[in-house]
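These values consider heavy atoms only, across backbone and side chains, with no hydrogens, waters or symmetry-generated copies. Chain A is the first sequence line, chain B the second, and so forth, proteins listed ahead of strands; every chain is numbered from 1.
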Number of protein chains: 2
Amino acid sequence: MAQEDGAGTDPWLTDEEQRTWRALVAVALRLPAALDRQLREEHGLTHVEYWVLALLSEADDDRLPLTALAAQANASLSRLSHVVTRLEERGWVTRERAQHDARVTYAVLTAQGRHTVEAAAPDHVAFVRALVFDPIDPDAVVPLGATLAAVARTIDGHAAG
Amino acid sequence: MAQEDGAGTDPWLTDEEQRTWRALVAVALRLPAALDRQLREEHGLTHVEYWVLALLSEADDDRLPLTALAAQANASLSRLSHVVTRLEERGWVTRERAQHDARVTYAVLTAQGRHTVEAAAPDHVAFVRALVFDPIDPDAVVPLGATLAAVARTIDGHAAG
DNA sequence: ACGTATTACGTGAAGCTTCAACTATCTTCC
DNA sequence: GGAAGATAGTTGAAGCTTCACGTAATACGT
């Protein structure tokens with residue numbers, strides 16, 4: 001592609017930005033695939049499924065409204081609904097309508113579901129550590145998180161706005 | 001999930017790592033979706049399709065072997081093969097067998113293909129800037145890239161090894 | 001030269017995600 | 001209290017990706 005360095009308002013990326021951008025895309029595309037592979041091979045779960053179960057296992061009373069779950073799992077509501085259906089079919093989650101508002105549906109973790117996440121968690125965490133935290137400088141962990149959080153917030157704003 | 005802080009070898013994440021991990025996953029899951037949406041709405045392209053066209057537009061003689069293209073596009077060879085088929089159907093890319101080794105197939109950018117990427121590039125770059133570089137400190141760009149590159153290399157190693 | 005392993009790519013089926021409705025239930029505000 | 005709009009969730013179809021397998025060509029060891 002022609003990188004015109006013409007009249008001022010040209011929004012092209014600098015070389016440094018270009019390099020950072022490529023690294024970010026590489027991670028954004030390969031990390032989910034790697035996580036899926038590990039969880040699938042070792043525990044028969046996709047990454048979203050694991051993440052949903054993990055969020056429920058940390059929630060009060062083992063339950064969360066689907067909308068809240070979707071936001072925390074970085075998924076669309078539609079996607080989450082399909083995921084919960086699959087988890088329901090495998091007996092790891094059930095749906096319950098809320099009393100105070102009949103529009104909201106809770107996804108509730110079952111005992112079997114809890115057993116599944118807790119079995120998968122140690123391997124998965126070890127994998128995450130090997131993939132992400134082992135190769136980077138410990139001093140880089142906090143800045144990395146802060147920078148990425150800013151990006152995540154911006155993406156969120158664009159999706160909402 | 002129970003976070004036992006038990007006997008030494010427990011591989012759980014620290015709170016800081018946990019936060020960074022969540023931010024990384026949030027970006028890794030939302031960024032591709034956001035890029036897809038922008039390119040789809042404004043130019044009828046998926047992110048992979050754009051990326052492939054962009055890589056070809058920068059390559060010598062507008063062509064790359066499918067394997068090289070897959071690696072640079074962070075895609076599996078199978079996925080890339082499907083993508084190239086779709087691009088071929090739209091007249092943006094053609095396939096050519098290599099003379100020196102009949103196993104390799106080049107993906108070659110057509111004039112129409114070049115026109116398509118060049119039309120999409122400015123909008124896309126502006127979007128990337130808005131999403132990633134505007135919200136972060138300019139001084140954070142290089143460290144971010146370095147850290148992510150280390151992670152990308154590690155993921156790559158796991159995929160290969 | 002010849003069998004074996006490796007590399008490059010293609011393909012169809014299965015599975016997952018997105019998209020575009022659509023239903024049902026509150027909330028607001030005259 | 002009733003209409004209009006907002007909110008929560010569901011669903012089926014279409015599209016994309018992964019997976020598993022298959023084919024063809026080349027490199028390697030003896």
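- Annotation: of the two residues near DNA chain D, A:Asp36 and A:Tyr106, the 5′-most nearest-nucleotide partner is A:Tyr106.
- Nucleotide C:dT18 holds its P atom 12 Å from the CZ atom of B:Arg30, rounded to whole Å.
- Contact annotation: the side chain of A:Leu35 approaches that of A:Val128 to within less than 4.5 Å [non-hydrogen atoms, C-beta and beyond].
- Below 30°, between 30° and 60°, or above 60°: for A:Trp21 and B:His47 the angle between ring planes is above 60°, a perpendicular geometry.
- Protein atom CZ of B:Arg40 is 6 Å distant from nucleotide atom P of C:dC19, rounded to whole Å.
- Taking every heavy atom of residues 79-91 of chain A and every atom of DNA chain D, pairs under 4.0 Å involve A:Ser81, A:His82, by number.
- Atom CZ of B:Arg103 and atom C1' of C:dA5 are 11 Å apart (whole Å).
- Taking atom NE2 on B:His47 and atom C1' on C:dT18, their separation rounds to 17 Å, with Å as the unit.
- The nearest whole Å value for the distance from the NE2 atom in A:His100 to the C1' atom in C:dC26 is 11 Å.
- At a threshold of 4.0 Å, the pair A:Glu89-A:Arg95 does not count as salt-bridged, since none of the basic side-chain nitrogens sits closer than that to a carboxylate oxygen.
- Here the shortest heavy-atom pairing between B:Leu148 and A:Val27 reads O-CG2, 3.4 Å.
- Around CZ of B:Arg90, the count of heavy atoms belonging to other residues, nucleotides or ligands within 6.0 Å exceeds 12.
- Here A:Thr105 lies in heavy-atom contact (under 4.0 Å) with sugar-phosphate atoms only.
- Spacing between atom CG of B:Leu77 and atom P of C:dT6 amounts to 18 Å, rounded to whole angstrom units.
- In this structure a side-chain-to-backbone donor-acceptor pair under 3.5 Å is missing from B:Ser81 to B:Leu77.
- A 4.5 Å side-chain heavy-atom check between B:Val93 and B:Leu53 finds at least one atom pair inside the cut-off.
- Nucleotides of DNA chain D with any atom under 4.0 Å from a heavy atom of chain B span, from 5' to 3', D:dC16 to D:dT26.
- Remark: B:Ala75 engages B:Arg79 in a side-chain contact (heavy atoms from CB on, under 4.5 Å) (not counting sequence neighbours).
- The residues B:Arg37 and B:Glu41 are annotated as not salt-bridged, no charged nitrogen and carboxylate oxygen being separated by less than 4.0 angstrom.
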